[in-house]
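A short worksheet on the structure shown next.
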Amino acid sequence: MTVPTVRVYVNEKGVDVPATARAIDAVRLVDGTAADGVQAGTRAVTDSRGLPIPADSPVHGGAIYRVVSGRAARDAT
């Protein structure tokens, strides 16, 4: 049985993740160090508009995530 996947983009790199994945899971597949930074609070995940999103947000097909400095994300709110 195959697990359904969706295509998302992290810092302009396309990746297929399980449909049940979270944004942090997609980031980790592309860049483990960046994912560690998100979890430590030194980096943050934003959507395609640059708005911060929770790292545990569910993915959706075609989502565009960017990993930015944690400070930049705090300043955007």
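The figures here come from the full heavy-atom set of this structure, side chains too, leaving out hydrogens, waters and symmetry mates.
The two residues Ala23 and Pro54 come nearest to each other via the heavy atoms CB-O, 4.4 Å. Among all heavy-atom pairs drawn from Val38 and Ala55, the shortest one is CG1-CB, 3.7 Å. Pairing each heavy atom of Pro18 with each of Val3, the nearest pair is CB-CG1, 4.1 Å.
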Stepwise, does the side chain to side chain contact (heavy atoms under 4.5 Å, CB included) test hold for Val17 with Val6?
CA-CA 6 Å; Val17 296; Val6 295; 3.9 Å; yes
Test side chain to side chain contact (heavy atoms under 4.5 Å, CB included) on Ile53 and Val45 and set out the steps.
CA-CA 6 Å; Ile53 62 164; Val45 180; 3.8 Å; yes
Before you tell me yes or no, could you show the steps for Val30 and Asn11 under side chain to side chain contact (heavy atoms under 4.5 Å, CB included), namely the whole-Å CA-CA distance, both residues' side-chain angles and the distance that decides it to 0.1 Å?
CA-CA 9 Å; Val30 172; Asn11 293 341; 5.7 Å; no
Is there a side chain to side chain contact (heavy atoms under 4.5 Å, CB included) between Tyr65 and Val8 once you walk through the steps?
CA-CA 8 Å; Tyr65 302 116; Val8 301; 4.2 Å; yes
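In this structure, Ile64 CD1 and Arg66 CZ are separated by 6.0 Å, a value rounded to the nearest 0.5 Å. Taken from CZ in Arg43 to OG1 in Thr33, the straight-line distance is 10.0 Å, to the nearest 0.5 Å.
Under the rule for a side-chain hydrogen bond (donor to acceptor under 3.5 Å, both in side chains), the partners of Arg28 that lie at least two apart in sequence or sit in another chain are Asp36, Gln39.
Residue pairs that meet the salt bridge (charged side-chain N to carboxylate O under 4.0 Å, His left out) test with at least one member in residues 49-58, sequence neighbours left out, are Asp47-Arg49.
Hydrophobic clustering, with ILVMFWY side chains joined whenever heavy atoms are under 4.5 angstrom apart, groups Val59 together with Leu29.
With a 4.5 Å cut-off on side-chain heavy atoms, Pro58 and Arg22 count as touching.
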